[in-house]
Amino acid sequence: MHTPRKPLSGLIISAALLLSACSPGEVDISLFKDITSGSGLERYEGMTHGAAWGDYDGDGRPDLYLTNHLKPAKLYRNLGQGRFEDVTATVLGEATGGDKHGAAWADFDNDGDHDLVQLTGAIQGQGEEPKRLFVNEGGRLVDQAAKLGVDNRPGRTRMPLWLDLDGDGRLDLFQGAEARFDAQTPPFLFMWEPSGFRADPAGLPLASRSAPFCVLAALDDDTHPEIVCRLMGAGTPNQAFDTRTRPARTLDLLPKTAFEDVAAGDFDHDGRIDLFLARKNPAGRLALARHGANTVTAQAELTPGNADRLTAFRFRTAGPAHFTFAGQHTHDLLHTDIHLGSANAHPPGLGFRVEAGAVSGMPRAAPGARPAILVGSPEPGVWQVEFHMTPETFGAQAKYRNLAVRIQTDGPIEDLEALGDSAVDETAPQRLFMNRDGRLVEEADERGVNRRPISAVNVVTGDFDNDMHLDLFILGSGEAGKAENLLLLNDGKGRFRATKHAGGAAGQLMGVGDSATTADMDGDGCLDILTAGGASMGRSLGLPSDNGRYQLFRNLCNTGNHWLMIDLQGSRSNRDGIGARVVVEAGGTRQTRFQDGGVHERGQNHARLHFGLGKNTQVDRITVHWPRGTVQTLYAIHADQVLRIKEAE
């Protein structure tokens, strides 16, 4: 008789996030509704790589660029009321293919319309592929990257960042990148000059060849923003820069902690920008993910150093099971590499259905140069899957091999567990650093951000209930599949409480968590959220991410609170006002925002600044600190409007 084993602890956590009842201390509030169906975005399924909001046609509504990684990118015009029209062919033409990664909008040429940079890879880390800079020419986007000097063909680029590093009123371009597999180190930084951009290898002295993304933050009181970068590889996992000097000077701000994404904001109304670091633990050799009651995805990453260790999982189900296996590349796995039951039979293909009782016992792996996947039933109603490799399997060059399986059953999957030490809990403590006069002090636990454990891959901050306090929306995911998202509401003093089902934006569990971005897409003064669920880099590339989706969550705007949104228009400063600090005072509360262009890992929020005003119908004072030193003040501003503030010349 089968004795149920204790499930993997990480899956206990994942299952807990699916429960309908509130955990102690959670807020039961409905703020969001999934309106993906009927939006025009619902047909996409597959790999993603972020999203970018920008108003390419100047009608005041944020439009949406979706970077679908290995599928053609799509540009959607915002029609209002949560509906979008695909205008890729007429606005972008056909130049949207290739190995696409992050993208970001900005008016880099200061002509009053938004341009778009699209970064790409370098063909398996050692080839070349042009980056694209689409210049807005009257509503049509024309690629001029080569002409302007930013096509950076050998760059293994990931996420861009627009910034005015030298304070000349023109935006420069940082191209976040991972290290190539050869000795080349293409430039990260491109400075604007009258004839275009010039590569500046020394301007930002990174401590690693891998810096996939950086963000802007205003961590002190001067007009020069700081840059916070995520690094990869040996050495420090992050680096912060002071931009007052050329080259930029490294700052000792953060401990040596890894993170997936960062959100910057004044969470406690002291006028200083704090930092929230979204984090997850690396998966073990085996990553497991549940997609509801009847579907499981498992992803195995084996190396020559761990291939001799047991990498396996088992589960119980009644009835038949459908298996779909895949390697990261088409040649990685053949149907003859799969062995069924004690008869050691091979299935007809990589996707196959097995009736209950048709397979019994476990096969044995024979040594050789091919991987071996063993699928068996050690006892009735119990399935076991094992991944086996030998040193010969990897060949001379390969450092790892990825194999994956998705299992769909008619009945519920129960008692899912990893065997041995092949899987680990991917949830990790999130880190919240409060700004104390330019010194970052961690206060995560006392401020409540870790009461609900999560494996976080992306984060955005915004006042989602318009109560004047910045909240946090955290995209949850493991390496092999999505987890429930987390919405943390701010009590006004920088302490946070989790909401049940993320206030209505908990999200589907299909695919792998990629990015979250914010925009008031329908002009009602409340921030909406778009999530991308087909993360497809590293070990998640392929089967785990191939059923990824976009989800659009409309803010119900049901709190009765007022709001104000601000568009900045620089004159001496760059046209977008990137680098400006804006302070809004209403009802005795002071809110501080920093115009960072909306860029974070894999995504760009709409750069329009949003302020919740609570029950206040008027703003007492607005103070804008422009990047080039101008300070501008406005008084007695009515609530519930989009206000354009032009820099005084």
**Q** Kindly indicate, with the supporting measurements, whether the criterion side-chain contact (heavy atoms from CB on, under 4.5 Å) is fulfilled by R290 and L288.
**A** CA-CA 7 Å; R290 299 202 64 153; L288 288 173; over 6 Å; no
**Q** If you round to the nearest 0.5 Å, how far is CZ of R431 from OG1 of T257?
**A**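 Output value for this atom pair is 4.0 Å.
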**Q** Apply the test side-chain contact (heavy atoms from CB on, under 4.5 Å) to residues F276 and V262: give CA-CA distance (whole Å), side-chain angles for both, the deciding distance (0.1 Å), then the verdict.
**A** CA-CA 6 Å; F276 177 91; V262 58; over 6 Å; no
**Q** Find out whether L216 and I227 are in side-chain contact, i.e. whether some heavy atom of one side chain is under 4.5 Å from a heavy atom of the other.
**A** yes
**Q** Looking at N136 and Y56, would you say the former's side chain and the latter's main chain have a donor-acceptor pair under 3.5 Å?
**A**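 Answer holds: yes.
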**Q** Specify whether H335 and H346 have parallel, tilted or perpendicular ring planes, treating 30° as the upper limit for parallel and 60° as the lower limit for perpendicular.
**A**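 The rings of H335 and H346 stand perpendicular, inter-plane angle above 60°.
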**Q** To the nearest 0.5 Å, how far apart are CD in Q299 and CZ in F387?
**A** 8.5 Å
**Q** Could you pull out the closest heavy-atom pair between V460 and A263, with the gap in Å?
**A**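 So the minimum-distance heavy-atom pair works out to C-CB, 4.5 Å.
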**Q** So, applying side-chain hydrogen bond (donor to acceptor under 3.5 Å, both in side chains) with D99, which one of H69, R156, H49, Q124 is it?
**A**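 Single pass found, and it is H69.
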**Q** Would you check if the side chain of S540 reaches a backbone N or O of P544 as a donor-acceptor pair within less than 3.5 Å?
**A** no
**Q** What heavy-atom pair brings L275 and A264 nearest, and what distance separates the two atoms?
**A** CD2-CB, 3.7 Å
**Q** Restricting to side-chain contact (heavy atoms from CB on, under 4.5 Å), what partner residues turn up for K71, sequence neighbours left out?
**A**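 Y44, N68.
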**Q** Rounded to the nearest 0.5 Å, what separation is found between the CD atom of E178 and the OG atom of S210?
**A**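 Atom-to-atom, E178:CD and S210:OG are 5.5 Å apart.
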**Q** Is there any salt bridge (charged side-chain N to carboxylate O under 4.0 Å, His left out) pair reaching into residues 120-131, and which pairs are they, with sequence neighbours excluded?
**A**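 For residues 120-131: E128-R153.
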**Q** So, do P225 and L163 sit near enough that their side-chain heavy atoms are less than 4.5 Å apart?
**A** no
**Q** Who pairs with A218 by side-chain contact (heavy atoms from CB on, under 4.5 Å), at least two apart in sequence or on another chain?
**A** I273, R581, F594
**Q** Looking at every non-hydrogen atom in both residues, tell me the closest pair between N605 and T518 and how far apart they are.
**A** OD1-N, 3.0 Å
**Q** Could you walk me through whether Q239 and T250 pass the side-chain hydrogen bond (donor to acceptor under 3.5 Å, both in side chains) check?
**A** CA-CA 7 Å; Q239 192 172 5; T250 298; 3.0 Å; yes
**Q** Does R170 come within less than 4.0 Å of D164, counting only side-chain N to carboxylate O?
**A** no
**Q** If I take atom CG from residue D115 and atom CG from residue D107, how far apart are they, to the nearest 0.5 angstrom?
**A** 5.5 Å
**Q** For the backbone of A217 and the side chain of D596, can you confirm whether one donor and one acceptor N or O come within less than 3.5 Å of each other?
**A**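 Side chain of D596 to backbone of A217: no pair is present.
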**Q** Taking the side chain as C-beta and beyond, is there a heavy-atom pair between N458 and I474 under 4.5 Å?
**A**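 They are not in side-chain contact.
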**Q** For the residue pair V599 and P160, what are the closest heavy atoms and their distance?
**A** CG1-O, 3.2 Å
**Q** Keeping the roles fixed (side chain from T120, backbone from P130), state whether a donor-acceptor pair exists under 3.5 Å.
**A**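 Answer holds: yes.
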**Q** Where the side chain of T48 meets the backbone of G534, is there a donor-acceptor pair that is under 3.5 Å apart?
**A**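 Checking the backbone N and O of G534 against the side chain of T48, a donor-acceptor pair under 3.5 Å is found.
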**Q** Please determine whether a side-chain nitrogen of the Lys or Arg among E601 and R158 lies less than 4.0 Å from a carboxylate oxygen of the Asp or Glu.
**A** no
**Q** Could you go through E137 and Q144, starting from their C-alpha distance and side-chain angles, then the distance that decides it, and tell me whether this counts as side-chain hydrogen bond (donor to acceptor under 3.5 Å, both in side chains)?
**A** CA-CA 11 Å; E137 297 182 353; Q144 297 185 22; 2.7 Å; yes
**Q** Which label fits H114 and W105: parallel for a plane angle under 30°, tilted from 30 to 60°, or perpendicular past 60°?
**A**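 Ring orientation of H114 relative to W105: tilted.
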**Q** Taking the side chain as every heavy atom from C-beta outward, state whether W53 and L530 have any pair of such atoms under 4.5 Å apart.
**A** yes
**Q** Does the H339 side chain pair with the main chain of L374, one donor and one acceptor, at a distance under 3.5 Å?
**A** no
**Q** For A607, does its backbone N or O pair with a side-chain atom of Q595 as donor and acceptor, under 3.5 Å?
**A** yes
**Q** Side chains of D166 and D172, heavy atoms from C-beta outward: is any pair under 4.5 Å?
**A**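 Of all side-chain heavy-atom pairs linking D172 with D166, at least one is under 4.5 Å.
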**Q** What is the minimum heavy-atom distance between G478 and V512, and which atoms define it?
**A** O-CG1, 3.6 Å
**Q** Considering the options L116, L148, D151, V142, which one meets the side chain to side chain contact (heavy atoms under 4.5 Å, CB included) requirement together with L133?
**A** L148
**Q** Please list all pairs meeting salt bridge (charged side-chain N to carboxylate O under 4.0 Å, His left out) that have one or both residues in residues 179-208, counting only residues at least two apart or in different chains.
**A** R180-D182, E193-R198, D200-R246
**Q** Are any non-hydrogen side-chain atoms of Q175 and H101 less than 4.5 angstrom apart?
**A** no
**Q** Are side-chain heavy atoms of F323 and V385 found at a separation under 4.5 Å?
**A** yes
**Q** Please check: side-chain N/O of R406 versus main-chain N/O of L543, any donor-acceptor pairing under 3.5 Å?
**A** yes
**Q** Are any of the side-chain heavy atoms of V135 and D109 separated by less than 4.5 Å?
**A**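 Counting from C-beta outward, V135 and D109 do come under 4.5 Å.
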**Q** Please report the closest heavy-atom contact between S455 and K280, naming both atoms and the distance.
**A**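 In terms of heavy atoms, the two residues are closest at OG-CB, 3.2 Å.
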**Q** Can any side-chain N or O of T36 pair as donor or acceptor with the backbone N or O of L552 at less than 3.5 Å?
**A**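 Flag set: sc T36 to bb L552 pair under 3.5 Å.
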**Q** Are the charged groups of D261 and R279 less than 4.0 angstrom apart, N to O?
**A** no
**Q** Excluding sequence neighbours, so at least two apart, what forms side-chain contact (heavy atoms from CB on, under 4.5 Å) with R309?
**A** R285, N306, D421
**Q** List the steps, then state whether side-chain hydrogen bond (donor to acceptor under 3.5 Å, both in side chains) holds for Q118 with Y65.
**A** CA-CA 10 Å; Q118 166 71 77; Y65 182 77; 2.7 Å; yes
**Q** Please assess L161 against F213 for the test side-chain contact (heavy atoms from CB on, under 4.5 Å), listing each intermediate value before the final yes or no.
**A** CA-CA 8 Å; L161 176 68; F213 79 96; over 6 Å; no
**Q** Would you please name every residue forming a ring pair (Phe, Tyr, Trp, His ring centres under 6.0 Å) with F197, sequence neighbours left out?
**A** F108, W192
**Q** Kindly indicate, with the supporting measurements, whether the criterion salt bridge (Lys or Arg N to Asp or Glu O under 4.0 Å) is fulfilled by E301 and R401.
**A** CA-CA 6 Å; E301 181 175 271; R401 292 286 291 274; over 6 Å; no
**Q** Quick one: NZ on K100 to OG1 on T67, what's the gap to the nearest 0.5 Å?
**A**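 Going from NZ on K100 over to OG1 on T67, the span is 7.5 Å.
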**Q** Any chance you could lay out the side-chain contact (heavy atoms from CB on, under 4.5 Å) test for L231 and T236, step after step, and finish with the verdict?
**A** CA-CA 7 Å; L231 305 184; T236 178; 3.7 Å; yes
**Q** Are any side-chain N or O atoms of N238 and backbone N or O atoms of P255, one a donor and one an acceptor, separated by less than 3.5 Å?
**A** yes
